[in-house]
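Model, not experiment: these values are computed from the prediction. Within every chain, numbering begins at 1; the chains are lettered A, B, ... in the order of the sequence lines, protein sequences first and strands thereafter.
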Number of protein chains: 2
Amino acid sequence: MAKSPALLEADHDHRHCVDNALAVATELCQRRGARLTVLRRRVLELVWRSHGPVGAYEILDWLRSEDGRTAAPPTVYRALDFLIEQRLIHRIESLNAFVGCIDPINPHTGQYLICRDCRTVTELDDDGISHAIRRQAQQRGFQIGQQTVEVHGLCENCAGKKPGSEIGRQSAS
Amino acid sequence: MAKSPALLEADHDHRHCVDNALAVATELCQRRGARLTVLRRRVLELVWRSHGPVGAYEILDWLRSEDGRTAAPPTVYRALDFLIEQRLIHRIESLNAFVGCIDPINPHTGQYLICRDCRTVTELDDDGISHAIRRQAQQRGFQIGQQTVEVHGLCENCAGKKPGSEIGRQSAS
DNA sequence: TAGTCCTGGATATAGTATAACACAGCGCCC
DNA sequence: GGGCGCTGTGTTATACTATATCCAGGACTA
Ligand SMILES: [Zn+2]
Ligand SMILES: [Zn+2]
Ligand SMILES: [Zn+2]
Ligand SMILES: [Zn+2]
């Protein structure tokens, strides 16, 4: 399947994103006494291969083809479960896929803008949204466990222009 | 995990919920020129069997065991797709399941409170939430296609219902 | 009546996730 | 050292969710 290049690995120094994510993860796990093993670290790196959602079986393929590692679905899912527990990655429910957390240090609710074109996921942590949700929940006596806010649509890049074309000023309707 | 029966079909006249949903659906489809066939109507009825999320294969089993109908996955998924298009049901992404829409007449964004205990899904249509989301999206030039707000937790009943407190307050739209 | 579209039956397969068992390494306590 | 339990991973099998494809029959149209 032809996946559009999940945003911008060309448009910025993505190696920096990855290195930073790994460094923070290392630090965080050490502090917590959690074991960021070679496999787990590698899976985290693979999730960070782009800013787009990454599927478990995609990771599986990479582990097999690039690392020569014998791997089966549980190998990947267990690593992903660990990374989720440590809040180093998030699961995008509406896509059955995973994305690196942009700020693992400060716990936050999951709010995402997902571009259906370039597949970039932008993580939000907006108080307005979570406050509005908490307000409704409270009003109904609902005790919040986990929020999932996933907004699909078109990102600024993909909404206003097509790849390769000039940057046209577009007046949003 | 002990699953309590999804919402209180005993605590209220659920037949009324079902009848109402079917009546509204009939009316709406007629007005739209959409064909609410026997199968589609039956699937809608099955989705409305509870106020909890219902899986596609659950519906499939019911069709086979209760209706004696020969049915395969596509049978169910096609009916579900139709019902979703007509906005008679919603898909709960985080559960791979479906739930009847409480107000198919007025189009609205999907916002749900999902009880992890009794599995009741309460649909919201809160302007505060969607406004906060739209605001964030706008701020980032993101063009919203479809919102998904799914909040997991404990409903009033299942959380810490105090003895003697009123229970089961369910606001319809 | 013939043509066309819509619906749904039937078969096969794709995609996502977990159960269950095995085994190796490590720390611990005797 | 030897038994023990714990964690992480390998291995196999299976469950669960969803779609692709082809076809038959009925409804609508001209
Ligand atoms: Zn980057
Ligand atoms: Zn985009
Ligand atoms: Zn009811
Ligand atoms: Zn409940």
base_contact_polar (C:dG9 base, B:Arg78 side chain, donor-acceptor, <3.5 Å): yes
For side-chain hydrogen bond (donor to acceptor under 3.5 Å, both in side chains), just list the numbers for A:Thr109 and A:Gln111, CA-CA rounded to whole Å, side-chain angles, deciding distance to a tenth of an Å, and then say yes or no. CA-CA 6 Å; A:Thr109 63; A:Gln111 304 168 348; 3.3 Å; yes
Protein-nucleotide distance (A:Arg41, atom CZ; D:dT9, atom P), rounded to Å: 14 Å
According to a strict under-4.0 Å criterion, is B:Thr70 in side-chain N/O contact with OP1 or OP2 of C:dA10? yes
Between P of C:dG8 and CG of B:Leu60, the distance in whole Å: 15 Å
Could you give the CZ-to-C1' distance, from B:Arg32 to C:dC6, as a whole number of Å? 19 Å
What is the distance, rounded to the nearest whole Å, between atom CD of A:Gln86 and atom P of D:dT7? 14 Å
Please confirm whether the shortest side-chain N or O distance from B:Thr37 to OP1 or OP2 of C:dG8 is below 4.0 Å. yes
I need the CG-C1' distance between B:Asp81 and C:dC6, as an integer number of Å. 15 Å
Could you check which of D:dT11, C:dT11, D:dA18 has an atom nearest any side-chain atom of B:Pro74? C:dT11
So that I can tick it off, tell me whether B:Arg41 and B:Glu45 are bridged by a salt bridge, with the cut-off set at under 4.0 angstrom between side-chain N and carboxylate O. no
Just the rounded figure in Å: distance from C1' of D:dG8 to CZ of A:Arg42. 19 Å
Short side-chain N/O contact from B:Asn96 to OP1 or OP2 of D:dA18, under 4.0 Å: yes
So, is A:Arg91 near the phosphate of C:dA17, with a side-chain N or O under 4.0 Å from OP1 or OP2? yes
Check the distance between D:dT19's P and B:Leu80's CG and give it to me in whole angstrom. 10 Å
Just compare D:dG8, C:dG9, C:dA17 and give me whichever is closest to any side-chain atom of B:Leu39. C:dG9
Suppose we call a contact any N or O donor and acceptor under 3.5 Å apart; does that hold for the side chain of B:Arg69 and the base of C:dG9? no
Could you say whether B:Arg35 or A:Tyr57 is positioned toward the 5' end of DNA chain C, judged by the nucleotide with the nearest heavy atom to each? B:Arg35
Using a cut-off of strictly less than 4.0 Å, decide whether B:Tyr77 has a side-chain nitrogen or oxygen near OP1 or OP2 of D:dT19. no
Figure out the CD1/C1' separation between A:Ile92 and C:dG15, and round it to whole Å. 18 Å
Intermediate values then yes/no, side-chain hydrogen bond (donor to acceptor under 3.5 Å, both in side chains), A:Arg91 and B:Ser94: CA-CA 10 Å; A:Arg91 177 182 164 82; B:Ser94 56; over 6 Å; no
Quick one, A:Ile59 with A:Leu80, criterion side chain to side chain contact (heavy atoms under 4.5 Å, CB included). Give me CA distance, side-chain angles, the key distance, then yes/no. CA-CA 10 Å; A:Ile59 292 171; A:Leu80 290 171; 4.0 Å; yes
Taking it one step at a time, do B:Val54 and B:Trp62 satisfy side chain to side chain contact (heavy atoms under 4.5 Å, CB included)? CA-CA 11 Å; B:Val54 175; B:Trp62 288 333; 3.8 Å; yes
